[in-house]
Amino acid sequence: MEIIIKPSVVEAQLETAKILRRQIQRKPASVLGLATGSTPIGVYAALVEMHQRGELDFSKASTFNLDEYVGLDPKHPCSYREFMREHLFGKVNLSPANIHFPDGLAKDVPAHCAEYEAAILRAGGIDLQLLGIGREGHIGFNEPSSSLASRTRIKTLTRQTLQDNAKCFGSPDKVPHHVITMGVGTIMDTRHCLMFATGEAKAEAVARMAEGAITADLPASILQMHPVCTLVVDEAAAADLKRTDYYRWVYDNKPDWQRV
Ligand code: PGA
């Protein structure tokens, strides 16, 4: 795992956006896996700016989002589809036909989940998967105890996640308790995982993910087994990591051809 520690949230956002930019510039028809939550908002803002400056063309790219609430209409202001429209899709030149989302209103959830997996395969697999991390170590909405081999399916959110996601809904009891999420195995099949985390609330989960034991109790820890995984954090989220001197040394000595 490559661990990049940036002095500020803004610099960490920019580094993450640059990795996404490099992916799309190298392969315009990239298949991107995208994440929601408060953390990636600044990354999406940086991508929109790059697009407006003419550095990023999304016209051939396609996207698959990690997750969606069950029972929410896609037009609901708290749906993740609406989140993505507001922060990215409404501001760049992605073709609507190339945008994919789990359908929170699917009548037959298992069949829909199988179809989502099939659509990822038909697109050629995900080239670059952007990830956040929950305070209890979820990736997507794969909460603690999720099978580390799981595929896209329905999951029940933890109380912590209901609290963390309450802002848009007004209170934790109004947050849907169920979601459809790509599985841990689905995420592990992507070619490059790019996790972005900021703030002290994430420090413990980040340290356990990168330096702790691999366990379903912290599903993100399976990323230690991913062949190409980049973690970008600010100083606050890096606070509990033990080997920061080494990570900084590696980054400072990165060959120019590997830099974004
Ligand atoms: P957050 O969510 O960015 O809102 O903290 C991250 C996540 O749950 O993956």
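Quick caveat: nothing in here was measured; it's all calculated off a predicted structure. First listed ligand is number 1; within each ligand, the first listed atom is number 1. Scope of the values below: all heavy atoms of this structure, side chains included, with no hydrogens, waters or symmetry mates.
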Ionic contact status for [Y] with [X], cut-off 4.0 Å:
X      : Y      : result
Glu82  : Arg85  : yes
Arg122 : Glu115 : yes
Arg248 : Glu235 : yes
Asp189 : Arg151 : yes

Could you identify the single nearest non-hydrogen protein atom to [atom] and state the distance to 0.1 Å?
atom                   : answer
atom 4 (O) of ligand 1 : Ser38 N, 2.9 Å
atom 8 (O) of ligand 1 : His138 NE2, 2.6 Å
atom 3 (O) of ligand 1 : Thr39 OG1, 2.4 Å
atom 5 (O) of ligand 1 : Lys202 NZ, 2.6 Å

What's the shortest heavy-atom distance between Met209 and Ala220, and which atoms?
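Heavy atoms of Met209 and Ala220 come nearest at CG-O, 3.3 Å.
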Might you point out which heavy atoms bring Asn65 and Tyr116 nearest each other, and give the distance in Å?
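Looking at all heavy atoms of both residues, the closest pair is O-OH, 2.7 Å.
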What atoms of ligand 1 come within less than 4.0 Å of a heavy atom belonging to Gly37?
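Contacts of ligand 1 toward Gly37, numbered from 1: 3 (O), 4 (O).
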Against heavy atoms of Gly132, which atoms of ligand 1 measure under 4.0 Å?
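Those qualifying, in numeric order: 9 (O).
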Under 4.5 Å between side-chain heavy atoms, hopping through other hydrophobics if needed: is there a path connecting Val9 to Val48?
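No, separate clusters.
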With respect to Thr36, determine whether any N or O atom, backbone or side chain, lies less than 3.5 Å from an N or O atom of ligand 1.
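No, since none of the N or O atoms of Thr36 sits under 3.5 Å from an N or O of ligand 1.
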Where does Ile133 meet ligand 1, judged by heavy-atom distances below 4.0 Å: at the side chain, the backbone, both, or neither?
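Backbone only.
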For Arg135, is the nearest heavy atom under 4.0 Å from an atom of ligand 1?
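Outside the 4.0 Å threshold, so no.
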